[in-house]
Chemist: 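I am attaching a structure below and will ask some questions about it afterwards.
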Amino acid sequence: MKCTLGVCYYPEHWPEAQWAEDAAQMVDTGLTWVRIGEFAWSRMEPTPGDLRFDWLDRAVETLGAAGLKVIMGTPTATPPRWMLDKHPDMLAVDAQGRPRKFGSRRHYCFSHQGYRAECARIVTLMTERYGANPHVAAWQTDNEYGCHDTTLSYSPAALQGFRIWLADRYGQIDSLNAAWGNVFWSMEYHTYAEIDLPNLTVTEPNPSHVLDFRRYSSDQVAAFNRVQTEILRAHTQAPLIHNYMGRTLEFDHFAVGADLDIASWDSYPLGFLEDRSDADDAWKRAFMRQGDPDTQAFHHDLYRAVGRGRWWIMEQQPGPVNWAPYNPAPLPGMARLWAWEAFAHGAETVCYFRWRQAPFAQEQMHAGLLRPDGGAAPVLAEAAQVAQELAEAPDIATGPADVAIVFDYQSAWAWDTQPQSADFDYYRLIFDFYRGLRELGLNVDILPPDTADLSPYKLVLIPGLMAWNDTLRAALKAHEGLALIGPRSGSKDQNMGIPTSMPPDLSDLGVTVTRVESLRPDAPELLEQCGAVHLWLEHCEGAAHVLEQTQSGHPVLMRTGRQLYLAAWPDPTAMRRILGDAAAIAGIRTFPMPQGVRRRDAGDRIYYFNYNATPVHVPDLGQDLPPAGLAWTKQKG
Ligand code: GAL
């Protein structure tokens, strides 16, 4: 595959006289793609029905004439102010019942049918105009669904939609009462019209009620997106893309991805380290100018799965951002390293965000490839270097993985709803496993929860899966490789009740979880071998062979045949060892990495990335890597 670079550009922010010069400089830098349009509704339609596409025609023409390929964004994340006069009830409502007002972006409720119709209208107009334009080579729907906590809305539109959704799912109201266990606390309903949204209750609402509301809300994101993809498909052959975010789990990305051709995500390594990482302060300080060594790769692997093999970075951090608690500048070399790490994970394209730093409005403190005065920001030269390297590189392949992790959005909602511990977080659990695998130098594939075929993998990890579905249950039964299951997997049925057969709800595993406890973060249980388990501990019975126990004699790792059950949350030391042992049983060779160094096998190359701010000797590679350095070697054999 020939990989490419691009940039996000806002022609409406700059004098028209500057566009051609900007386009020429993008081409000189070695960029192929330019994304435009996604926030420009107020310029496309300043007042209802007053359509002004002439400027956008000229922008597309100018960029295209320079040799750039345009990604056209639909502008539905930023409805103009007049939209509220037409649809005063289209705003999302937060859990406290307060409307989320105009004055920034994403001020809409996914359930609002009137706003969906407005989106259908503008997307139809755009695609009729640009669907066959030779310069428009891809489309992006909306922008970052769910960003700024916008998936859940407690609006009247959501309430109405939720009741219909429930009636479709359960039919007779008694089925819903039974599924939710509404006999508890006299919560029984007689009609769907009696059911409210699960906010503002006196104490916690019924978890089954909440989980269904989370499912409903996720479905609305997919339905909202589908309104656009159906229109786009009728008018264009170009691939359809959405730009997802990091650590955003409120909707099922696999469901949205099913209607698109390519998944993309917006990668802000330094912003995410400060803003949404569970790491401690020492770790954040050590990687503050480089980003967490595993966060980017995790999302690359996740979105490769969401895109069914095809994925991009739509926005790559270029320098300090404006939105994290602290916004340091990246170490020189990181913009290059991040891009190469993406390509090594199969990215087709990496687009930097944004071309020129805007001197106005919310993101004026956010770097671009150019400074506000048009001078080059430090990242421009790195982007040009990557472009040069890509031009000289042979085709880049992605690597097959021996190991897979099942990733399930519904489980994230379930444990959010009923964490049973202040520290039980699905992403955190999965990420701990992922980091452990990366520290062992392994490639990882991420799989959706309805994966039917596990046969490509020697080792499959299924931690924290709320409930089995029939497809995955059958795939697991047929799998000849090793599976590592738990903690907490199969501990619920699809209604969020405890399964009658008891967790982990797998008849041939020889493990029954009879009791669970969550542990204070300062009270880990030491294992007989090195390391400890922390945060979560299950008590198990059954015939499975005990491989590991705590120093107090509590079994934590059991084996029956090709299945392992892990009844606790290992700390990093125990995680590395347990995963290393599992890899050995599965016949997978590991390559333990120095701290902060990561490896990726891709085609006939092995890449090494040094996320440290200091040089590191990499024995595997037989050389030192400078800070923010990367190197690749040929695979042997
Ligand atoms: C992304 C968003 C962009 C811009 C960027 C700033 O989340 O899609 O529009 O706001 O963040 O870092």
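Each residue takes its place number in the sequence, starting with 1. Each ligand, and each atom within it, is numbered from 1 in the order the structure gives. Not measured: the values here are computed from a predicted model.
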Chemist: Is R354 in contact with ligand 1, taking contact as a heavy-atom separation below 4.0 Å?
Modeler: no
Chemist: Which ligand 1 atoms does H366 reach within 4.0 Å, using its non-hydrogen atoms?
Modeler: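 By the 4.0 Å cutoff, the relevant atoms are 6 (C), 12 (O).
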Chemist: Where is the tightest heavy-atom contact between L270 and P328, given as atom of each residue plus distance?
Modeler: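 So the minimum-distance heavy-atom pair works out to CD1-O, 3.5 Å.
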Chemist: Provide the number and element of each atom of ligand 1 under 4.0 Å from a heavy atom of F39.
Modeler: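 Selected atoms, number and element: 9 (O).
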Chemist: Between W139 and V136, what is the shortest heavy-atom contact and its length?
Modeler: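 So the two residues come closest at NE1-CG1, 3.6 Å.
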Chemist: Which ligand 1 atoms does E144 reach within 4.0 Å, using its non-hydrogen atoms?
Modeler: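 That gives atoms 1 (C), 2 (C), 7 (O), 8 (O) of ligand 1.
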Chemist: Of all the heavy-atom pairs spanning A387 and T29, show the shortest one and how long it is.
Modeler: CB-O, 3.4 Å
Chemist: For ligand 1, is there an N or O atom under 3.5 Å from any N or O atom of N143?
Modeler: yes
Chemist: Report the nearest protein non-hydrogen atom to atom 9 (O) of ligand 1: residue, atom name, distance rounded to 0.1 Å.
Modeler: R105 NH1, 2.8 Å
Chemist: For atom 5 (C) of ligand 1, find the nearest protein heavy atom and state the residue, atom name and distance (0.1 Å precision).
Modeler: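 Of the protein heavy atoms, Y268 OH, 3.2 Å lies nearest.
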Chemist: Would E38 count as being in polar contact with ligand 1, using the rule that some N or O on each side must be under 3.5 angstrom apart?
Modeler: no
Chemist: Go through ligand 1 atom by atom and flag the ones less than 4.0 Å from a non-hydrogen atom of D266.
Modeler: 8 (O)
Chemist: Can you figure out which of E363, H148, E315 has its heavy atom closest to atom 8 (O) of ligand 1?
Modeler: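 The nearest heavy atom belongs to E315.
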Chemist: Determine whether S111 and F162 make a side-chain contact, defined as any pair of heavy atoms from C-beta on separated by less than 4.5 Å.
Modeler: no
Chemist: One thing to verify: whether E389 and R336 come together as a salt bridge, which I'm taking to mean a side-chain N less than 4.0 angstrom from a carboxylate O.
Modeler: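 Yes, this pair counts.
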